[in-house]
Visitor: 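Have a look at the structure that comes next, please.
Values below: all heavy atoms of this structure, side chains included; hydrogens, waters and symmetry mates excluded. Note that the structure is a prediction, hence the values are computed from the model and not measured. Here is the naming used below: chain letters follow the sequence lines, and residue numbers restart at 1 for every chain.
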Amino acid sequence: METKNIMIVGVGGQGSLLASKLLGYLFLKRGFDVKVSEVHGMSQRGGSVVTYVRFGDRVLSPVIDEGEADYIVSFELLEAARWLPFLKVGEGRIVTNTQKIDPMPVIIGAAEYPENLLEKMEAAGAKVDAIDCVSLAAQAGNIKAVNLVLLGRLSRYFDIPDEEWQSAIEANVPEKFLEVNRKAFELGRAV
Amino acid sequence: MGCLIMKELMLGNKAVARGLYEAGCCFASSYPGTPSTEVTEELAKFTEVYCEWAPNEKVAMESAFGASLAGRRSFSAMKHVGLNVAADPLYTMSYTGVNAGFVIVVADDPGMHSSQNEQDSRHHAIASKVPMLEPSNSQEALDFAKLAYEISEQFDTPVILKMCTRVAHSQSVVEIGERTVPVKAYEKNIRKYVMAPANAIQRHPMIEERTRKLVEFAEESPVNRVEPSSGSRAFGIITDSTSYMYVKEVFGDSVPVLKIGMVNPLPVRKIQDFASSVDKVVVVEELDPIIETHCRNIGVEVSGKDLLPICGEFSQNVIAKALGGEVHKGVSLTEQLPVRPPAMCAGCPHRGLFYVLKKLGATVLGDIGCYTLGAGAPLNAMELTLCMGASLSSLHGFNKMLGAESEQKTVAVIGDSTFMHSGMTGLANIAYNQTNSTVIILDNSITGMTGHQQNPTTGFNLRGEPAGRINLEALCRSMGYERVAVVDPYKLEECERVIREELAADSPSVIISRRPCALLKYVKKKPSLRVDKDRCRSCKSCMRIGCPAISMKDGKAEVDATLCIGCGVCSQMCRFDAFDLSKGTMFQDPSSRINPALEERLGKEA
């Protein structure tokens, strides 16, 4: 199978590492070669962060380049727009949280948070699933579960049985957060 | 029945740790530095291996050398700039050689994701005449760590395993094995280990002979391998490290490749033979032209930096663009999007102190750590960041030349871990050569930027067990500093008063700004603040501290309850008492405000 590319983007501290860990586990279990590439350190401090997940018969490069992502899973709206150039033109899909987090230039009044980003991304040819993940995560019982809502939505595009997703969640989420995360996944899968 | 092969998706740094463990490593001493930190953290999860954080890389490397001398396989890890600090022992350890195997990890950071420069550590290997291996994925990271010990003992030399961000912080599939522990006895050997001139003169030719033998190893070993192609012979590629993966991504098996796994010393015949099998050779390597220069030195004509960039990271598109592969393109929005630079966290104890320094118009000479973010907008309260410890040493030179006027408005800021790393000697210089300097130690009781490692001031060791603790106040006083003040950076008035006093004082002073990192699990969080919309006059005073939890919504300040930990610095900025400290709510449980990414990596810290 040709290598598939999933990018997970967001703001440092939003929990993208759990999402990539879970996907890596899932695809490895399915017998694929997998690479997951992340960035630690300075860029984690509230900056724009990106994690690359690649799977297929033989995965070579650890990173995803411009025009290569089959999916961009975004924890924040502006970040989805920022990484748009990495989406496969005409084919790629963005699954994004509609939450807006002001970056420092906006906080200090040096820039405006861009308007109508969803419409602009669609006009640029991207297929976009926009979900209010914070509300769904709150409904599940913890706003930190945004990552599982996003994965739930993403799961609809993969022909993978629900049990496999469930066992990936079980293997990667601490026992005490399991119920909340399961529920968040269900809610994301259902929207 | 076939034997069970354990396959795991493993971070490159964890794979190194696994390899060290399997090879029987007994001792590790390191200083944290992105992207090398996880090697030692992961190794510490094996209880059979003694692991510690040393105050700096030089001490770490020398401690590990001592363990090798004692006959146990030993290890030290650092980032690229850390090897500069440890270069002194490295260059002479090359002469003494080792007893039990000694492996050093150095992690480069092309693209400078978390570093102050983009230096290429391969130069150190060449200059110190120490062999260097370069893995390109996690399996090689594991295998090369084991091979490094073999080479170390066979050739009587320390061996460097060079990682880079993309190998260190990428997970790929590995197969794991069992641990075996070879042990050697210590034997007194003055001519080998006492590098006085008479002995070192004897050793140097032996090192040159060792390099000749290592070149023979490089010719024969599969660590440097030719991957032939069925296709065109128009050009062949010589490549190393993660660049190899990008090359294979672009060209698959259509181009012959010589993959270099040992970059020092490089083979000669193998490269010449490869070159003669193709019409043209291109060297694909990140940063400096190390392999390229070697090829020219041995009479092989190559392309390299004439086609490919010398700055920054490579990727498949970079290679494709330069060498004629398929370049993938995407679509971007036409408008310019606001950037999202990293910023101090909500509740960061550094924020209040930097605000006060900005308010006082102080000249701030900075150092390496989270607080380097003090240079960013809106605080812009830092004017120098060079290397570990440079803040207070350069403050001394700065004040010496500019005199009293500078002494009354210039400070050095340095974190607790950085101070233990290389600040003490600079502080000694101020005391000894006498400038009336003011040094601020930002004591957040942890090594923050690299993800919460303990240090000699915290009272805990790498595994979180109680350890020796150095008292900063006592240390400074013992150097002759009579003026040592401690302030709470959440209290702006107190900080301002003390900094004014110490800048005006007629003797050198140390101010310890003490408040633990807000991300530490044991730090008690207060309820989030809430803005009383009737009282808020939209003056934006609170925005001047650059807290990510505060934004303007519909013309009024608003606090993001999920980020705010109730530090109260913003409320001290407000002249209209708009911040309500009593009505706020604890959002979820206190731990919900800890950076989850960090928390996940630091699960052990609970």
Visitor: Under 6.0 Å from the CD atom of A:E119, do we count more than 12 heavy atoms belonging to anything else shown?
Guide: yes
Visitor: Run B:R340 and A:I101 through side-chain contact (heavy atoms from CB on, under 4.5 Å) and show every step you take.
Guide: CA-CA 10 Å; B:R340 192 186 297 276; A:I101 299 175; 3.9 Å; yes
Visitor: What part of B:K79 gets closer than 4.5 Å to chain A, counting heavy atoms only: side chain, backbone, both or neither?
Guide: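 Neither part.
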Visitor: Crowded around B:K540 NZ? As in, over 12 foreign heavy atoms under 6.0 Å?
Guide: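 Counting neighbours around NZ of B:K540, 12 or fewer heavy atoms of other residues, nucleotides or ligands fall under 6.0 Å, so no.
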Visitor: Taking every heavy-atom pair that is under 4.5 Å apart, which of A:E112, A:K88, A:E76 has the most such pairs with chain B?
Guide: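 The option with the most such pairs is A:E76.
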Visitor: Salt bridge between A:E66 and B:K329, side-chain N to carboxylate O under 4.0 Å?
Guide: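 No, no charged N to carboxylate O under 4.0 Å.
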Visitor: What part of B:T242 gets closer than 4.5 Å to chain A, counting heavy atoms only: side chain, backbone, both or neither?
Guide: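 Only the side chain of B:T242 comes within 4.5 Å of chain A.
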Visitor: Looking only at heavy atoms, what is the nearest atom pair of A:R82 and B:V339, with distance?
Guide: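 Of all heavy-atom pairs spanning A:R82 and B:V339, the closest is NH1-CA, 3.8 Å.
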Visitor: Looking at A:S61 and B:Q316, what are the two nearest heavy atoms and their distance?
Guide: OG-OE1, 2.7 Å
Visitor: Taking the side chain as C-beta and beyond, is there a heavy-atom pair between B:N317 and A:E68 under 4.5 Å?
Guide: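 Yes. Closest side-chain heavy atoms under 4.5 Å.
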Visitor: Return the OG to OH distance between B:S315 and A:Y52, rounded to the nearest 0.5 Å.
Guide: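 It comes to 8.5 Å.
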Visitor: Which atoms form the tightest heavy-atom contact between A:A124 and B:L333, and what is the distance?
Guide: CB-CD2, 4.2 Å
Visitor: Answer with yes or no whether the side chains of B:H169 and A:E38 bring together a donor and an acceptor at under 3.5 Å.
Guide: no
Visitor: Of all of A:V106, A:I107, A:V59, which one pairs up most often with chain B through heavy atoms under 4.5 Å apart?
Guide: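 Looking at each of A:V106, A:I107, A:V59 in turn, A:I107 comes out on top.
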Visitor: Considering only heavy atoms, which portion of B:P35 lies under 4.5 Å from any heavy atom of chain A: side chain, backbone, both, or neither?
Guide: neither
Visitor: Would you compute the distance between atom OG of B:S551 and atom CD1 of A:I108 and round it to the nearest 0.5 angstrom?
Guide: 13.5 Å
Visitor: As an exercise: rank A:L87, A:V34, A:D102 by heavy-atom pairs under 4.5 Å with chain B and give me the winner.
Guide: A:V34
Visitor: Might you confirm whether atom CG of A:N116 has over 12 heavy atoms from other residues, nucleotides or ligands at distances under 6.0 Å?
Guide: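 Counting neighbours around CG of A:N116, more than 12 heavy atoms of other residues, nucleotides or ligands fall under 6.0 Å, so yes.
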Visitor: Quick one: CG on A:L28 to CD on B:Q171, what's the gap to the nearest 0.5 Å?
Guide: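 Rounded to the nearest 0.5 Å, the CG-CD separation comes out at 10.0 Å.
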Visitor: Answer with side chain, backbone, both or neither: which region of B:L11 has an atom nearer than 4.5 Å to a non-hydrogen atom of chain A?
Guide: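 The answer is the side chain of B:L11.
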Visitor: Quick check for you: to the nearest 0.5 Å, what is the distance between A:R54 atom CZ and B:S170 atom OG?
Guide: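 Here the interatomic distance stands at 10.5 Å.
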Visitor: Rounded to the nearest 0.5 Å, how far does NE2 of B:H328 lie from CD1 of A:I64?
Guide: 12.0 Å
Visitor: Closest heavy-atom contact between B:E335 and A:P114?
Guide: OE1-CB, 3.5 Å
Visitor: Who wins among A:L78, A:D33, A:V53 for the most heavy-atom pairs under 4.5 Å with chain B?
Guide: A:L78
Visitor: Tell me whether the count of non-hydrogen atoms from other residues, nucleotides or ligands lying under 6.0 Å of NZ in A:K120 goes above 12.
Guide: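 Counting other residues, nucleotides and ligands, NZ of A:K120 exceeds 12 neighbours.
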Visitor: Quick one: which of B:P378, B:C547, B:P338 gives a side chain to side chain contact (heavy atoms under 4.5 Å, CB included) with A:M104?
Guide: B:P378
Visitor: Compare all side-chain heavy atoms of B:P341 with those of A:P105 and state whether any distance is below 4.5 angstrom.
Guide: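 Yes, side chains in contact.
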Visitor: Taking atom NZ of A:K29 as the centre, report whether more than 12 heavy atoms of other residues, nucleotides or ligands fall under 6.0 Å from it.
Guide: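 No, the 6.0 Å shell around NZ holds no more than 12 heavy atoms from other groups.
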Visitor: Please look at B:E8 and chain A and tell me whether the side chain, the backbone, both or neither of the residue comes under 4.5 angstrom of a heavy atom of that chain.
Guide: backbone
Visitor: Looking only at heavy atoms, which two atoms of B:L9 and A:Y25 are closest? And how far apart?
Guide: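 It is CD2-N, 4.4 Å.
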Visitor: Distance check, rounded to the nearest 0.5 Å: B:L337 atom CG versus A:L117 atom CG?
Guide: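 Spacing of CG (B:L337) from CG (A:L117) equals 7.0 Å.
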Visitor: Could you tell me which non-hydrogen atom of B:K248 sits nearest to which non-hydrogen atom of A:L60, and how far apart they are?
Guide: O-CD1, 3.6 Å
Visitor: Answer with side chain, backbone, both or neither: which region of A:V63 has an atom nearer than 4.5 Å to a non-hydrogen atom of chain B?
Guide: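 Contact with chain B involves both backbone and side-chain atoms of A:V63.
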